[in-house]
S.K.: 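There's a structure below that I have some questions on.
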There are 2 protein chains.
Amino acid sequence: MTQLTLKEIARLAGVSRTTASRVLNDQPHVRSELRERVLRVVAETRYHPNPVARSLALQESRMIGLVVPRSVHSFFSDPYFPRLTQGIAEACNQYDYTLSLFLVQTPQDEAKVLPKITSRGFLDGVVVQVGQMEDHLIATLADSGLPMVVAGRPEITEGISFIDVDNVEGARNAVLHLLKLGRRRVATITGGLNTAVGLDRKVGYERAHAEMGLPCDPALIVEGDFTENSAYQAMGRLLQHHPDAVFAASDIMAVGAIHAIQHHGLNVPRDIAVVGYDDLPPALMVTPTLTTIRQPVRRFGIQTVTTLLELLKNGPQPPRQVIMGTEIVVRESCGAILAEGANIS
Amino acid sequence: MTQLTLKEIARLAGVSRTTASRVLNDQPHVRSELRERVLRVVAETRYHPNPVARSLALQESRMIGLVVPRSVHSFFSDPYFPRLTQGIAEACNQYDYTLSLFLVQTPQDEAKVLPKITSRGFLDGVVVQVGQMEDHLIATLADSGLPMVVAGRPEITEGISFIDVDNVEGARNAVLHLLKLGRRRVATITGGLNTAVGLDRKVGYERAHAEMGLPCDPALIVEGDFTENSAYQAMGRLLQHHPDAVFAASDIMAVGAIHAIQHHGLNVPRDIAVVGYDDLPPALMVTPTLTTIRQPVRRFGIQTVTTLLELLKNGPQPPRQVIMGTEIVVRESCGAILAEGANIS
DNA sequence: AGTAGATATGGGAGCGCTTCCAGATACACT
DNA sequence: AGTGTATCTGGAAGCGCTCCCATATCTACT
């Protein structure tokens, strides 16, 4: 079977390449009779235009890249990355873009992959998942001129479009939930305070107290590092200060906290209520099941793409910075469900 | 800044396009003086050839696709997919290929995405993750002529290259492990027996018995469907037949089985030893920690790519079918670690 | 000095598509 | 019939690269 090209289609339909091209691109100035003839030939031969040639001529590839830097690799152990990818891929399908994936694990990868990403004409735009200490990568991409949207909050936001989840608001709601259930000594195990996420969630904790007109006891704030073990340790220390609730800045840490509480012979949620953050599978595996903050990860991915596409459509313009909300998922560990009021003691 | 092209580079270096191209592609027939001059200009201008134009001229894109059909979406909830992707991406980086991702979730997606995938010149080859009932997709891709490797075992293997993990051997080792620890009433909770994986693991169970010259008691074989709940139910039924060990065809099911055993007041591993399959996070979250079969998922992804690249290099040829081994991860639930010999009762 | 044979060089065509633009055709008027 | 306008049509150039092939240059011979 001879290689199918537009020229061949045109020949078969008895028209010129131009006319055939017009038909394929739904352009005017083609007699409906010819249009039909071309469409029939296309259908019969199952012809599809060569996207590479098309990209070259149009100077746009209809491809966008997703760049995942090495520091994000913790994400491979939680469902964040797959869900994000799913959202992004979904949006790409919808808008007829192709997604290509760049996992940058080593500096060598970076040296190899970055030039490719920024090569003219290869990608129309790029989504970069923010990790830690990736200013360099983001800066390089930013001034390559390639349209870019950052998923997460980059360290420098100047002139950069990004989508972030409102960690302050999420944490605030978590803590507010506990306070409204009548808990009055609400502790927190923070994430690493060298990360934006860790800091934001701590701010949310403080803000909730301020809103309710309650003081924050510094003894009830302990730093963890997002691992279960760090939270287990942290909870051990917290217990000396008799909290009646804990907000852990991640589900994994919440699990660590619950284990610590239980090993001290106390009951969750009766003695100490717990709220986590992320709504990952561990939240359901633990006993009692975990009340937590769910992030709209899939929608987040979609948002990332739609924002990028807007950037593409409208050319260079003021960067867009979108902050998305969260939702609280109430389960057993906060004590809201099992016993109404009885817990307020 | 004017658009950089090969022509421009050639002009700056005072040579022809051809010569410049030769230098960039490490081809002979260029005086070393000229070569250097060109390289210097390239370095100064940070020029990188336009990959799209290159693809068009070379008739190869150096892109491969990863196609994930809708039925694989359970994979989004376990780390299989991220790890596979990681392996694939790693290999792509190494061999200078770009990976593009196609999530085919709906029939509409399929209609939209398939023509794109099979368009001439767009992808050099494709890796298809096998799900359930995807013969159609695989068949379509197969006879589009696009070089293809299937990750997993497709329903029809005729003329198709695929990489699979040896589920029979993995299950066999799991059960052998239990038998060698002296267990004599080893039950199994199988996966859905309408899936290749479910069937293979059951065959492994039987084969282990055959090898040891032991009979299989049909009462000790119960079908689950890979969910925790199905295993919990199954285990309940199994208990009436007094097994002293259980091989569950997935970790999730092993967790269900352990819960059931414990709720009946029995001890794992003393009364009943348990071995799972997959080595997913739940294996570590449960008490006692789970002995299980680990799949080489990342290496699996890499293998998938190297096989595809061989196919690309050597042209159409007999399909390659690779079966990869597994390894057993011994933890507490099988009783091998805590008590040597004491369990043999 | 002359020539075969190797080695360098660059013009030009081609990859498959889009699109400008000039020319052809149709239609409605005076 | 003749002009003007709207509507079609297709040749040709161009997107940025590779590579064939004809030509130019350089060695090492006789």
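Treat the numbers as computed from the prediction; the structure is a model and nothing was measured. Chain letters run A, B, ... following the sequence lines, proteins first and then strands; every chain starts at 1.
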S.K.: Figure out the CZ/P separation between A:R11 and C:dG16, and round it to whole Å.
M.R.: 15 Å

S.K.: Starting at atom CG of B:L6, determine the distance to atom P of C:dC15, rounded to an integer number of angstrom.
M.R.: 19 Å

S.K.: Does a distance-only test, which skips hydrogens and angles, find a donor-acceptor pair under 3.5 Å between the side chain of B:T18 and the base of D:dT18?
M.R.: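 Looking at the base of D:dT18, it does not pair with any donor or acceptor on the side chain of B:T18 (distance under 3.5 Å).
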
S.K.: Could you state the atom-to-atom distance from NE2 of B:H29 to C1' of C:dG10 in whole Å?
M.R.: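 To the nearest whole Å, that distance equals 14 Å.
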
S.K.: Could you check whether any side-chain N or O of B:D166 sits under 3.5 Å from a backbone N or O of B:G325, counting only pairs where one atom can act as donor and the other as acceptor?
M.R.: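 Pair absent, no side-chain N/O of B:D166 close to backbone of B:G325.
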
S.K.: At under 4.0 Å, does any side-chain N or O of A:R31 touch on OP1 or OP2 of D:dT9?
M.R.: yes

S.K.: Side-chain N or O of B:Y47 less than 4.0 angstrom from OP1 or OP2 on D:dC17?
M.R.: yes

S.K.: Check B:E310 with B:K313, please: is the shortest side-chain N to carboxylate O separation under 4.0 Å?
M.R.: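 No.
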
S.K.: Is there side-chain contact between A:F122 and B:R54, with at least one heavy-atom pair below 4.5 Å?
M.R.: no

S.K.: Using only side-chain N and O atoms of A:Q59, determine if any of them is under 4.0 Å from OP1 or OP2 of D:dG16.
M.R.: yes

S.K.: Which is true for A:V30 with a 4.0 Å heavy-atom rule: it touches a base, it touches only sugar-phosphate, or it touches nothing?
M.R.: sugar-phosphate

S.K.: Specify the separation, in whole Å, of atom CZ of A:R17 and atom P of D:dT9.
M.R.: 16 Å

S.K.: Rounding to an integer number of Å, can you tell me how far B:H48 NE2 sits from D:dC17 P?
M.R.: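 One finds 12 Å between P of D:dC17 and NE2 of B:H48, rounded.
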
S.K.: Would you indicate whether the side-chain heavy atoms of B:R320 and B:N314 approach each other to under 4.5 Å?
M.R.: yes

S.K.: Per the atom types in the model, does the base of C:dT18 pair as donor or acceptor with the side chain of A:R54 at under 3.5 Å?
M.R.: no

S.K.: Check whether B:N93 reaches the backbone of A:V113 with its side chain - one donor and one acceptor, N or O, closer than 3.5 Å.
M.R.: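 Checked: no pair found.
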
S.K.: Mind calculating the distance between CD (B:E60) and P (D:dC19) to the nearest angstrom?
M.R.: 10 Å

S.K.: Measure from the side chain of A:N25, starting at C-beta and using heavy atoms only, and say which of D:dG10, C:dT18, D:dT18 lies closest.
M.R.: C:dT18

S.K.: Send over the distance from B:D26 CG to D:dT18 P, rounded to a whole Å.
M.R.: 12 Å

S.K.: So, OP1 or OP2 of D:dC17: does either fall under 4.0 Å of a side-chain N or O from B:S21?
M.R.: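 No, no such contact exists.
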
S.K.: Please determine if a side-chain N or O atom of B:N50 lies less than 4.0 Å away from the OP1 or OP2 oxygen of D:dC15.
M.R.: no

S.K.: Would you say the side chain of B:S16 and the base of C:dG11 hold a donor-acceptor pair, judged only by whether the two atoms sit under 3.5 Å apart?
M.R.: no

S.K.: Compare side-chain N and O positions of B:Q27 against OP1 and OP2 of D:dT18 and report whether any pair is under 4.0 Å apart.
M.R.: no

S.K.: Counting the atoms with a prime plus P, OP1 and OP2 as sugar-phosphate, which does B:L58 contact under 4.0 Å by heavy atoms, base, sugar-phosphate, or nothing?
M.R.: sugar-phosphate

S.K.: Quick one: A:R37 CZ to D:dC8 P, roughly how many Å, whole number?
M.R.: 15 Å

